[in-house]
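Have a look at the structure below before the remarks.
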There are 4 protein chains.
Amino acid sequence: MDDRSRARSAPRLFILQPASVVPIYRQLIDQVRRMVASGQLPPGTALPSVREMAAEYTVNPTTISKAYSLLEAEGLLQRNRGKPMTISARRRANGTVAQRLKQVQPHVEALVLAARQLDLREEDLAALIRKQMGEDT
Amino acid sequence: MDDRSRARSAPRLFILQPASVVPIYRQLIDQVRRMVASGQLPPGTALPSVREMAAEYTVNPTTISKAYSLLEAEGLLQRNRGKPMTISARRRANGTVAQRLKQVQPHVEALVLAARQLDLREEDLAALIRKQMGEDT
Amino acid sequence: MDDRSRARSAPRLFILQPASVVPIYRQLIDQVRRMVASGQLPPGTALPSVREMAAEYTVNPTTISKAYSLLEAEGLLQRNRGKPMTISARRRANGTVAQRLKQVQPHVEALVLAARQLDLREEDLAALIRKQMGEDT
Amino acid sequence: MDDRSRARSAPRLFILQPASVVPIYRQLIDQVRRMVASGQLPPGTALPSVREMAAEYTVNPTTISKAYSLLEAEGLLQRNRGKPMTISARRRANGTVAQRLKQVQPHVEALVLAARQLDLREEDLAALIRKQMGEDT
DNA sequence: GTGGTCTAGACCACA
DNA sequence: GTGGTCTAGACCACA
């Protein structure tokens, strides 16, 4: 991804946080999975190359490579000799809403646990979420 | 500890998940911090002993000890030779709502990121949260 | 590591005594702090890796790791993924003499208490200190 | 030691610091040894009872008791049924200066190590020691 | 009974 | 190669 394309800069496809306790390769895997489930990454879509990703997110190439390899092993990505990896046609065309709700459930549980221990109310959370959904990023 | 005995007993003070990517000692630290901020663990409260915690959550005592030591270094816990550690009197009397909202913000961001990538709507999240807030645990 | 090899090698950076009542990890923390305060360990300096330290001082790696982690929490050390930890740039550029004198004060008090109880005179102490300052180690 | 005697308050015989990394019973043992070696506690001197000491220094009686027992085992203290323990006649009547210098040596080494790492000079130490020797306590 | 320190050793994320 | 986490278990100081 060269400077020009970054200047135009559609918002980034993924959000990787090196400081997080969640390993970077895990963050990437989770995000690809979700975007495939929702159809935002339809079958056939080419992902950025390992090197592009590594440069874009200033992350070690082996980290990206590890995520891609695991997604390939899972059947979600497909290797194409000499060409970028693509979203596989055969698996999880499009998750049902129920399936996708299930994927978000762990985050809901973590949030509600924190909210309870902080003695916050449902309304507080609703407001924070509304605000966050409105943000660009 | 089977389900029946847990039902009879008081609900657990903390929720520790060994399978999580978040280290167990970090989970405990975060939860103590939040419950102190909300006043659910007021100054002077004695925490379960290292050994009790270790037994209750089937975790190694040194893991609990690590969390307690870090909380002591932070000033949140106070050592009492030969007696259980207690919530320190001097720090963070009671967090304001604004302070507590800030503590929950990272969880909100993680949830909203996941929801977007899964193409879920604000209403979906609101429903899941309402349901989760209603649960006993 | 026999005496000869130690003579040939650079003098050790730290002195860790497992037999002391002061925990090893505390000894290391104190020494790093002091050498940072005096500028003997300037910002950016790489510390020996956990494994090197453990081998050099024949101490368990987790003991070294504990010291490093606490120094990181304190802001004195900086983690560099996959690379050795370094002295953090941002904290305590260089302690003033007054600040450093304060750090040595507890040792002065312990020495003087002992000297008094042993009925030694100031001159005795001065002589011992002069001699010790002259030693290589 | 009743309130009256404390009001008159000769300076305390010992200095015990509960917060120190050195165990309290060790501190007491070291101090008794030194004062015996210097003749400040001559043979036959009665030490305060375990209870008096515990009250005076607000320390657990078992801690004092442990120190006394170890000093007795060492031959320095002598048990007298129903009466206070006394400094034993038979051992170490009076240490020579050389012997006493040897006892203070570890403190000299700790101080000089710290001073070197803090990049302090001999003169700095001499000044601090002179000041400390002048203090009442 | 309480917490603290340390070891030996396994396994993980990352460069 | 780097550091981080965790376990199992020993031993210690203190109440």
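Given the structure is predicted, the values throughout are model-derived calculations rather than measurements. Below, read A as the first sequence line, B as the second, and so on, with proteins coming before strands; counting in each chain starts at 1. Heavy atoms only: backbone and side chains are in, while hydrogens, waters and symmetry mates are out.
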Give the minimum heavy-atom separation between C:Ala46 and C:Pro84, together with the two atoms involved. CB-CB, 4.3 Å
Quick one: on DNA chain F, does C:Tyr68 or D:Val59 contact a more 5' nucleotide (nearest heavy atom)? C:Tyr68
What's D:Arg26 touching, base or sugar-phosphate or nothing? Going by heavy atoms closer than 4.0 Å. nothing
Applying side chain to side chain donor-acceptor pair (under 3.5 Å), name anything that partners A:Thr62, two or more places apart in sequence or on another chain. A:Asn60
5'-most contact on DNA chain E: C:Arg51 or B:Pro48, nearest heavy atom basis? B:Pro48
Taking only Watson-Crick and G-U wobble pairs with both distances under 3.5 Å, what dot-bracket line describes DNA chain F, where [ ] shows pairs that cross earlier ones and | shows pairs with another strand? ||||||||||||||.
Contacts of type side chain to side chain contact (heavy atoms under 4.5 Å, CB included), residue D:Ala54, not counting sequence neighbours: D:Pro61, D:Ile64
Kindly indicate, with the supporting measurements, whether the criterion side chain to side chain contact (heavy atoms under 4.5 Å, CB included) is fulfilled by B:Phe14 and B:Glu56. CA-CA 10 Å; B:Phe14 306 105; B:Glu56 172 76 4; over 6 Å; no
My understanding is that only residues two or more places apart in sequence, or in another chain, count here; which of them pass side chain to side chain contact (heavy atoms under 4.5 Å, CB included) with B:Ala73? none
Toward the 5' end of DNA chain F, by each residue's nearest nucleotide, C:Glu52 or B:Thr58: C:Glu52
Given that A:Pro23 and B:Met85 both sit by DNA chain E, which one's nearest nucleotide is further toward the 5' end? B:Met85
Identify, with sequence neighbours excluded, every residue that meets side chain to side chain donor-acceptor pair (under 3.5 Å) alongside D:Gln105. C:Gln132, D:Glu109
Show the atom names and distances, to 0.1 Å, of all donor-acceptor pairs under 3.5 Å that link a side chain in residues 19-26 of chain D to residues at least two apart or in another chain.
from: D:Ser20; atom 1: OG; to: D:Val22; atom 2: N; distance (Å): 2.8
from: D:Arg26; atom 1: NH1; to: D:Asp30; atom 2: OD1; distance (Å): 3.0

Those residues of residues 60-67 of chain C lying under 4.0 Å from DNA chain F by at least one heavy atom: C:Thr62, C:Ser65
For A:Arg79, give me all partners under salt bridge (charged side-chain N to carboxylate O under 4.0 Å, His left out), at least two apart in sequence or on another chain. A:Glu72
Only counting residues at least two apart or in another chain, list the ones meeting side chain to side chain donor-acceptor pair (under 3.5 Å) with B:Thr45. none
Restricting to side chain to side chain contact (heavy atoms under 4.5 Å, CB included), what partner residues turn up for C:Ser49, sequence neighbours left out? C:Arg51, C:Glu52
By side chain to side chain donor-acceptor pair (under 3.5 Å), which residues pair with C:Gln117, not counting sequence neighbours? D:Gln31, D:Arg34
How would you give the extent of chain A contacts on DNA chain E, as first and last nucleotide 5' to 3' within a 4.0 Å heavy-atom cut-off? E:dA13 to E:dA15
